[in-house]
Amino acid sequence: MLSGTHNLITEKFGYLFEPELIEAIHSNMLLKEASAGTVLIEIGQTFPGIPLLLSGSLKVFREDDQGNELLLYYIESGDTCAMSLTFDPKLLKSTIRAVVEEDAQFLIIPIAFLDKWMVQYASWRSFIISSFNHRLTEMLDTIDSLAFKQLDERLKNYLSDKVKINGTTSLHLTHFEIAEELNSSRVVISRLLKQLESQGNLILHRNKIEMLLF
DNA sequence: ACATTAAGTGATT
DNA sequence: AATCACTTAATGT
């Protein structure tokens, strides 16, 4: 009973879920791992179930009809993906793309249980509701970042998010990669970064940005 | 030494 | 803020 995965689940979710629920998760889940860069789900694909992230982090993208990517939010360990929380199996087509940011371990829980546990476990119900809440708040942040903030503000937010997510101030990124994620162009990003460098916020290297203030 | 790829820059829209 | 055209710098072969 005390397998490694069981402990892992208890460690991440034990403070939230009652033992019976942990037990139920344990006997119905699929444990998966994926390394950085792996595309977990593409737009239009069907979710096999809902994911619970145990370690690592994911980034979630939206894409417009011309194929432009836009970073929506990050998912960290202990989180689930609110976009996958549909109760109607017919609606389980993904409207987003999820890519592994840092090597990740996660559980897949078949959708059937999502519904069942909602009525069975109070802790599950509040977990689902609070992750909706959490995600909605975060989504509002990105919305007003898009609507009201200039690109240099978005870039600053992007960089400090990276520092937070990766737990390091030394970011291994090219200007081109940043431009893609913010849906801008490489030249513009280079100029803004140069500007931030001259303000003493960071130091630029090839393939690397050292963050000083963030 | 040469090729490739990342980053920097002035000019134009 | 984006794009073009070009330069310069870093890195791999």
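Note that the coordinates shown come from a computational prediction; the quantities given were computed from them, not determined experimentally.
- Residues passing the ring pair (Phe, Tyr, Trp, His ring centres under 6.0 Å) test with A/F113 are A/W117, sequence neighbours excluded.
- Considering only residues two or more places apart in sequence or on other chains, A/K59 meets the salt bridge (Lys or Arg N to Asp or Glu O under 4.0 Å) condition with A/E101, A/E181.
- For A/D141, the side-chain contact (heavy atoms from CB on, under 4.5 Å) criterion is met by no residue, not counting sequence neighbours.
- Under the side-chain contact (heavy atoms from CB on, under 4.5 Å) criterion, A/N201 pairs with A/L196, A/Q199, A/L213, sequence neighbours left out.
- With sequence neighbours left out, A/R97 forms a salt bridge (Lys or Arg N to Asp or Glu O under 4.0 Å) with A/E42, A/E63, A/E69.
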List the atom pairs, donor and acceptor, that lie under 3.5 Å between side-chain atoms in residues 167-179 of chain A and the rest of the protein, sequence neighbours left out.
unit_1: A/T168; atom_1: OG1; unit_2: A/S170; atom_2: N; d: 3.0
unit_1: A/T174; atom_1: OG1; unit_2: A/E177; atom_2: N; d: 3.1
unit_1: A/H175; atom_1: ND1; unit_2: A/S190; atom_2: OG; d: 2.8
unit_1: A/E177; atom_1: OE1; unit_2: A/T174; atom_2: N; d: 3.0

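- Computed from C1' positions of five pairs at each end, the angle between the two local axes of the helix from B/dA1-C/dT13 to B/dT13-C/dA1 equals 10°, rounded to 10 degrees.
- Every residue meeting the salt bridge (Lys or Arg N to Asp or Glu O under 4.0 Å) condition with A/K194, not counting sequence neighbours, appears here in chain and number order: A/E197.
- Relative orientation of the A/F17 and A/W124 rings is tilted, given thresholds of 30° and 60° on the angle between their planes.
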What does nucleotides 7-13 of chain B look like as a protein-contact string, B for base, S for sugar-phosphate only, - for none, at under 4.0 angstrom between heavy atoms?
BBBBB--
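- First and last contacts of DNA chain C with chain A, using any nucleotide atom under 4.0 Å from a protein heavy atom and ordered 5' to 3', fall at C/dA1 to C/dT11.
- Under the salt bridge (Lys or Arg N to Asp or Glu O under 4.0 Å) criterion, A/E153 pairs with A/K156, not counting sequence neighbours.
- For A/E11, the side-chain contact (heavy atoms from CB on, under 4.5 Å) test picks out A/L8, with sequence neighbours left out.
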